[in-house]
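Heads up: the structure comes next, in C-alpha cells.
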2 protein chains.
Amino acid sequence: MRRRAPTLEDVAREAGVSRATVSRVVNGIRNVDPEIRDLVRRAIERTGYAPNRAARSLVTRRAETVALVVSGAGDTTDAGQNAFAARVFADPFFGRVVGGVVGFLRPRSLHPVLMFAESDDARDEVLTYLRQGRADGALVVSTHAEDPLPALLAEARLPAVLFARPSRPVPLSYVDLAHRDGGRLAAEHLLGRGCRRLATICGPLDVPASQERLAGFRDALARHGHPYVPVTEGGFTLDSGVAAMSELLERHPDTDGVFAANDLMAQGACQVLRERGRRVPEDVAVVGFDDSTVAVTSRPRLTTVRQPVEEMAAEMARLLDEHILGARTEATSVVFEPELVVRESA
Amino acid sequence: MRRRAPTLEDVAREAGVSRATVSRVVNGIRNVDPEIRDLVRRAIERTGYAPNRAARSLVTRRAETVALVVSGAGDTTDAGQNAFAARVFADPFFGRVVGGVVGFLRPRSLHPVLMFAESDDARDEVLTYLRQGRADGALVVSTHAEDPLPALLAEARLPAVLFARPSRPVPLSYVDLAHRDGGRLAAEHLLGRGCRRLATICGPLDVPASQERLAGFRDALARHGHPYVPVTEGGFTLDSGVAAMSELLERHPDTDGVFAANDLMAQGACQVLRERGRRVPEDVAVVGFDDSTVAVTSRPRLTTVRQPVEEMAAEMARLLDEHILGARTEATSVVFEPELVVRESA
DNA sequence: CGGATATGGGAGAGCGCTCTCCCGCCGAGG
DNA sequence: CCTCGGCGGGAGAGCGCTCTCCCATATCCG
C-alpha cells in the first residue's frame, strides 16, 4: 500500500505553524515573515509536499486545464474514432497548432487535454467535460464547416475560442487569417513570374477560408485582366490534390501556373505534373498555402503562402485565458496577415 | 455573474431524496428502487446537473486523466519549447500514437493531457503534475535514448508505461516492436528481389531500436553470405536521410539496395537517388521502416516494415490502466511483430 | 502615553462529493 | 408470534484545500 501523500496539515505540523500559513507560503499570497517562510519551505522540502489539485480546484473552481478540441462535422459514428485522430495529425497543421497553444499555456501552468469531437457522442462528452469543471474552457479547431460544436458551446455559455471564423455566426471569439490577401499574394506572384494561363485547386467551398482564398485569387487576377480562371475543388488532402490536378490538366493542358489552397494539395499537384512530363516550376509554377512542413520536405520545395499558425494558436489560447479570467466578456476576433514564402515550385 | 452550477444537494432537494441516493443513481452503485431512480433521473434532467469532478476526485483520489508525455533528452533550454512540439508532430508517428491511445482511453472515460518534457524544468513539471494527482499515470514516448524521465518516474513510484524499451533498465512496463525481425524482413526482401550490393541508413545508435534494426539486417545478410554492409548513421529526419544517402552513394556508387531505419530517411534517400539519376526501384531498391503516412504520400510509395503503432499505443494505455487500478503491480513488456508492406520503392 | 493603524498568524467554515454506518421495513423461518 | 437476514434509504464524517474573519503584536502619531 502506497503511503498517504503529505497534506497541508502535515507540513503545518512539521513547521509548527497553521495550515493557513503554509497555504500562504505555497501560493505566495499576503506577506509572511521571511523567517517563518523559510521554515515552511524547509518543511515542504522535508515532507515532499505537493498540493492536491482536486482539493484546490474544489474551492477555487478552476481546473487550470483547457480542452484542446479537434472537431469534425456531421454525426459520424465513432467507429473510426482513432482513425480520426491519426488522420487529423497526418496534417502537419495540427502539430503547429499544438506547438503554439502549448507555448502560451505552459508558462502559465495551464495544461491542454486533447479531445476529438467527430461524433455527436463525442461532442456531448466535450460539453460534459467542461460542465463538470474538468477544463476551464475550450480551444476548438474544426475540420469541417458545418461543425455544430461552436454553437453548442456558445449556447451553454462555456468559454471557448475558435480557430477560424465559423461558417455561420456564433457569439464566440476566434482567430483567423486574412485568407483573401493570401489568395491575392499567390496570384500576384504567379503573374509576376510570367504565368498567363492560371488555374486553381480550391479547398472545400463550404469552408469560409476556402471561399476567401479563392475570392482573393480571382479578384487579383481580374484586376490584372484575367476575368476567368479554371477552378477545381479539392478536400485539403494529398489525394484530392492529385485528382484535382489531373482533371485540371485534362481540361486545360496548357496551364502554366497553379494555386492550390493548401500545401498538401500543392504537393499532389506537383506529383501529377511531373508524372505527366511537366517540369515544376519551368513548365508549370505551383503555389501552395500554409507553409507547413511538407512545403519544405516535398520536392520541389513549395513556394507557398505562409499562415502563422503558431502565433495564431498562441493568440487563441491568450483570448481563452482572458475569457476564463473574466478579463474579457465580449467575443472578439483577431485576424493575421499571410506572407508569401518563395522556394522552388514557383 | 454566472449562476452557481447545480450540486448533488440541489438535485436531492428537487427529487425529495437524500444526497446519498442521488449519488447512488449517478454512479449506478447499489440497488435503488426503480421508481425513486427515475425520480432522481428526472430531477437531474431538470436541474441540468453535472457532477463536480474536483469534489469527486478529492475523495476517490483519482483524476481519470493520464499524462501523455513526449519526452526529449538532455537539458535543452525551454527556448524552443513550442518548436519541440511542432517538430514532434511533424513526424507522423506521434499522430498514430495519439490515435491508438485515445482509442483505448475514450471508451473508459479517461482523458489524455499532452505534456512535453524536453528540458529539466519540463520534466519536473510532469513529476509535479502526477504527484499533485492531476493525472493518475503517464504514458511516455521518448525521442531520445538517454531520456532521464523514465528513471525519475520509477524512482517516484508513479504509474507509467513506456513506448519502447529504455536504453538502460528501468522497472517500468513498456511496449515494443521486435525490431530485429524488422531488419531481417527488410534484408530478405531486398535479397529476394535480386539486390546484391546493399547498404543501410541506420538510426541513432544510442537508441536500442536502431541497434536492433541494424543487427537484424546484418544478421540476415550474414546468413545469406553477405558478411559486410556499408552503414551510415542518420537521425530519423528527412534531412539526415538525404545526407546519409549522399555519403553512401559517394562511398559505394554501385549500391543497388538500401534499408533505411525509418520512412522519413527512406524518403530522403529516394530524393537523393533520383537527383543523382538513379531510378527507384529499378536501379536502387529502397526499404523504409514504420509504414507511416509518408510511406504512402511520397513518390515512389515506400516499401516498408510496418510497425503497428496504433495497437502498440493502445496496449500501452491498457497496461497503464492496469497499473493504476492496481490490477498489475510488476512491470511487464509486450513485444509486437513487424510486417513487410510491399509498395513501389522495393 | 493612549489609541489608531498596520502587519502577520490562527481558527474554522465551507467547496461538492463518496462512502461507511445505521436504521426501518419487509418477508421468511422457527 | 417473534426473530433474523436482506434490502434500500438517510445521516454525517470526512477528502485537502482556500479564504474570510478575528486576534495578537508591533508601529506610529498626536
Side-chain angles (χ1 to χ4, degrees), chain A residues 1-41 43-44 47-64 109 128-134 136, chain B residues 1-41 43-44 47-64 109 128-134 136:
Chain A
M1 190 62 195
R2 180 103 53 78
R3 269 243 324 286
R4 193 178 58 82
T7 74
L8 209 54
E9 192 75 53
D10 297 329
V11 178
R13 200 178 315 112
E14 178 82 16
V17 297
S18 77
R19 221 168 51 241
T21 303
V22 180
S23 178
R24 283 179 193 124
V25 172
V26 170
N27 297 307
I29 206 84
R30 261 187 49 176
N31 269 353
V32 174
D33 188 288
E35 209 166 307
I36 293 189
R37 194 193 52 207
D38 292 346
L39 202 68
V40 171
R41 289 215 176 123
I44 290 175
T47 51
Y49 171 71
N52 179 311
R53 293 298 309 203
R56 180 183 294 194
S57 287
L58 181 56
V59 31
T60 59
R61 301 174 170 289
R62 203 131 281 168
E64 309 281 306
S109 297
T128 303
Y129 198 84
L130 290 164
R131 298 198 315 127
Q132 292 185 331
R134 297 181 74 172
D136 302 321
Chain B
M1 190 64 193
R2 180 104 54 78
R3 265 247 322 290
R4 192 178 58 83
T7 74
L8 209 53
E9 192 74 54
D10 297 330
V11 179
R13 199 178 316 113
E14 178 81 15
V17 297
S18 76
R19 218 166 53 241
T21 302
V22 180
S23 178
R24 283 178 192 125
V25 173
V26 170
N27 297 306
I29 207 80
R30 260 186 51 175
N31 270 352
V32 173
D33 188 290
E35 209 166 306
I36 294 191
R37 194 194 52 207
D38 292 346
L39 203 67
V40 172
R41 289 217 177 118
I44 289 175
T47 51
Y49 171 71
N52 178 311
R53 293 297 312 202
R56 178 183 296 194
S57 287
L58 181 56
V59 30
T60 59
R61 302 176 170 285
R62 203 127 285 162
E64 308 283 305
S109 297
T128 302
Y129 198 82
L130 290 164
R131 299 198 314 125
Q132 292 184 334
R134 298 181 73 172
D136 301 321

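Lettering follows sequence order; numbering is per chain, from 1.
- Looking at every heavy atom in both residues, Arg134(B) comes nearest to Ser109(A) through NH1-O, 4.3 Å.
- Rounded to an integer number of Å, the gap from Arg61(A) CZ to dG16(D) P is 20 Å.
- Of the candidates dG9(D), dA11(C), dC17(D), dA11(C) carries the atom nearest the Ser18(A) side chain, counting heavy atoms from C-beta on.
- A donor-acceptor contact shorter than 3.5 Å is absent between the side chain of Asn27(A) and the backbone of Arg24(A).
- As rounded to whole Å, 11 Å separates atom P of dG16(C) from atom CG of Leu8(B).
- The closest donor-acceptor contact from the side chain of Ser57(B) to the backbone of Arg53(B) lies under 3.5 Å.
- Taking only side-chain atoms of Arg24(A), from C-beta outward, the nucleotide of dT18(C), dC19(D), dT20(D) with the closest atom is dT20(D).
- When the nucleotides dG10(C), dG8(D), dT18(D) are ranked by their closest atom to the side chain of Thr21(A), dG10(C) comes out on top.
- Between dC15(D) and Asn52(A), no contact under 4.0 Å exists linking OP1 or OP2 to a side-chain N or O.
- Comparing atom distances between the Val59(A) side chain and each of dG8(D), dG14(C), dG10(C) picks out dG14(C) as nearest.
- When distances are taken from the side chain of Ala20(A) to each of dC17(D), dA11(C), dC17(C), the shortest belongs to dA11(C).
- Distance CD (Glu35(B)) to P (dG9(D)): 10 Å, rounded to an integer number of Å.
- Atom P of nucleotide dT7(C) and atom CD1 of Ile29(A) are separated by 16 Å, given to the nearest angstrom.
- When the C1' atom of dA13(C) is taken as reference, atom CG of Leu58(A) falls 13 Å away, rounded to whole Å.
- The interatomic distance linking Glu64(A) (CD) with dT18(D) (C1') rounds to 13 Å, in whole Å.
- For Asn31(B), taking side-chain heavy atoms from C-beta onward, the closest of the listed nucleotides dT18(D), dG8(C), dG8(D) is dG8(D).
- Here dT18(D) is the nucleotide among dA11(D), dG10(C), dT18(D) with the atom lying nearest to any side-chain atom of Arg19(A).
- Proximity note for Thr7(A) (side chain, C-beta onward) versus dG16(D), dC17(C), dA11(D): the nearest is dG16(D).
- Closest to the side chain of Arg56(B), from the set dG9(C), dT18(C), dG16(C), is dT18(C).
- Using a distance-only test at 3.5 Å, with no hydrogens or angles considered, no donor-acceptor pair links the side chain of Asp38(B) to the main chain of Glu35(B).
- At the phosphate of dT18(D), OP1 or OP2 sits under 4.0 Å from a side-chain N or O atom of Ser23(A).
- Listed for the Asp136(B) side chain is no donor-acceptor partner under 3.5 Å among the backbone atoms of Arg62(B).
- Taking atom CZ of Arg37(B) as the reference point, atom C1' of dC7(D) lies 16 Å away to the nearest angstrom.
- With rounding to whole Å, Asp33(A) atom CG is found 15 Å from dG10(C) atom C1'.
- With DNA chain C read from its 5' end, the first of the two nearest nucleotides for Arg53(B) and Gly16(A) is the one closest to Gly16(A).
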